[in-house]
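Encoded as structure tokens, the structure appears first; notes follow it.
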Amino acid sequence: GKDGHIGSLYPNRKEPLVTDVQSVVLPVDKKSPASVTLSLPVMNNARNVRIVLMGEDKGEAALKGLLRKVSSAAEFPVCGVDHLKAAWFVDQPCAAALVDKIDTLEYVN
């Protein structure tokens, strides 16, 4: 999502901070009805990870996630996914917005 969420791991919540590999599925009570999501350790232990973004409003999020523009998974959960395992898929409007934004952000070391 444009806020950096992946699955139902949303920014500034406790779920992206879970590091226990035994915590496979996490309850999420952010909205109604409540949902469940895989934890970041489970996502990172997957053989393949696919991240899909659609829409012009996701271009900046794609850029931040791809280039690791935010250093904390707590702040931007998709940055907690092992980027060497992840394949990113974006539609044309998202790709166009990503290209438009590419010069506006600085790298995070």
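Just the heavy atoms: all of them, side chains too, but no hydrogens, waters or symmetry mates, feed the values below. A quick note: this is a predicted structure, and the numbers were derived from the prediction, not measured.
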Next on the checklist: Please check this pair: side chain of Ser39 against backbone of Ser23, looking for a donor-acceptor N/O pair closer than 3.5 Å.
Outcome noted: yes

Checklist entry - Any donor-acceptor pair under 3.5 Å linking the side chain of Asn44 with the backbone of Gly80? => result yes

Item to check | Reference residue Leu26; test side-chain contact (heavy atoms from CB on, under 4.5 Å); the match among Val36, Leu38, Leu9 | outcome: Leu9

Item to check | Path from Phe89 to Leu67 over hydrophobic side-chain contacts below 4.5 Å | outcome: no

Checklist entry - Closest approach of Pro16 and Ala73, non-hydrogen atoms and distance? => result CB-O, 3.7 Å

Next on the checklist: When you group the ILVMFWY residues by side-chain heavy-atom contacts below 4.5 Å and let the links chain together, are Ile6 and Tyr10 in the same group?
Outcome noted: no

Next on the checklist: Let me check something: do Val24 and Val81 share a hydrophobic cluster, defined by ILVMFWY side-chain heavy atoms less than 4.5 Å apart, either directly or through other members?
Outcome noted: yes

Item to check | CA sep, side-chain torsions, deciding dist, call: Leu98, Leu66, side-chain contact (heavy atoms from CB on, under 4.5 Å) | outcome: CA-CA 10 Å; Leu98 191 155; Leu66 284 165; 3.8 Å; yes

Checklist entry - So do Arg13 and Lys30 actually touch side chain to side chain, heavy atoms under 4.5 Å? => result yes

Checklist entry - Quick one: are Val49 and Trp88 in side-chain contact, heavy atoms under 4.5 Å? => result no

Next on the checklist: For Ser8 and Ser35: C-alpha separation, side-chain torsions, deciding distance, then whether side-chain hydrogen bond (donor to acceptor under 3.5 Å, both in side chains) applies.
Outcome noted: CA-CA 7 Å; Ser8 287; Ser35 62; 3.2 Å; yes

Item to check | Contact summary for Lys2 and Lys58, nearest pair of heavy atoms | outcome: N-CD, 3.6 Å

Checklist entry - Has Lys85 got more than 12 heavy atoms of other residues, nucleotides or ligands less than 6.0 Å from its NZ? => result yes

Next on the checklist: Given 3.5 Å as the limit, does a donor-acceptor pair link the side chain of Asp91 with the main chain of Gly55, or not?
Outcome noted: yes

Item to check | Side-chain heavy atoms of Glu75 within contact of Pro11, under 4.5 Å | outcome: no

Item to check | Validation row: Met54, Val90 side chains within 4.5 angstrom (heavy atoms) | outcome: no

Item to check | Hphob cluster co-occupancy, Met43 + Val18, side-chain heavy atoms under 4.5 angstrom | outcome: yes

Checklist entry - Does Lys64 pair with Asp3 as a salt bridge, N-O distance under 4.0 Å? => result no

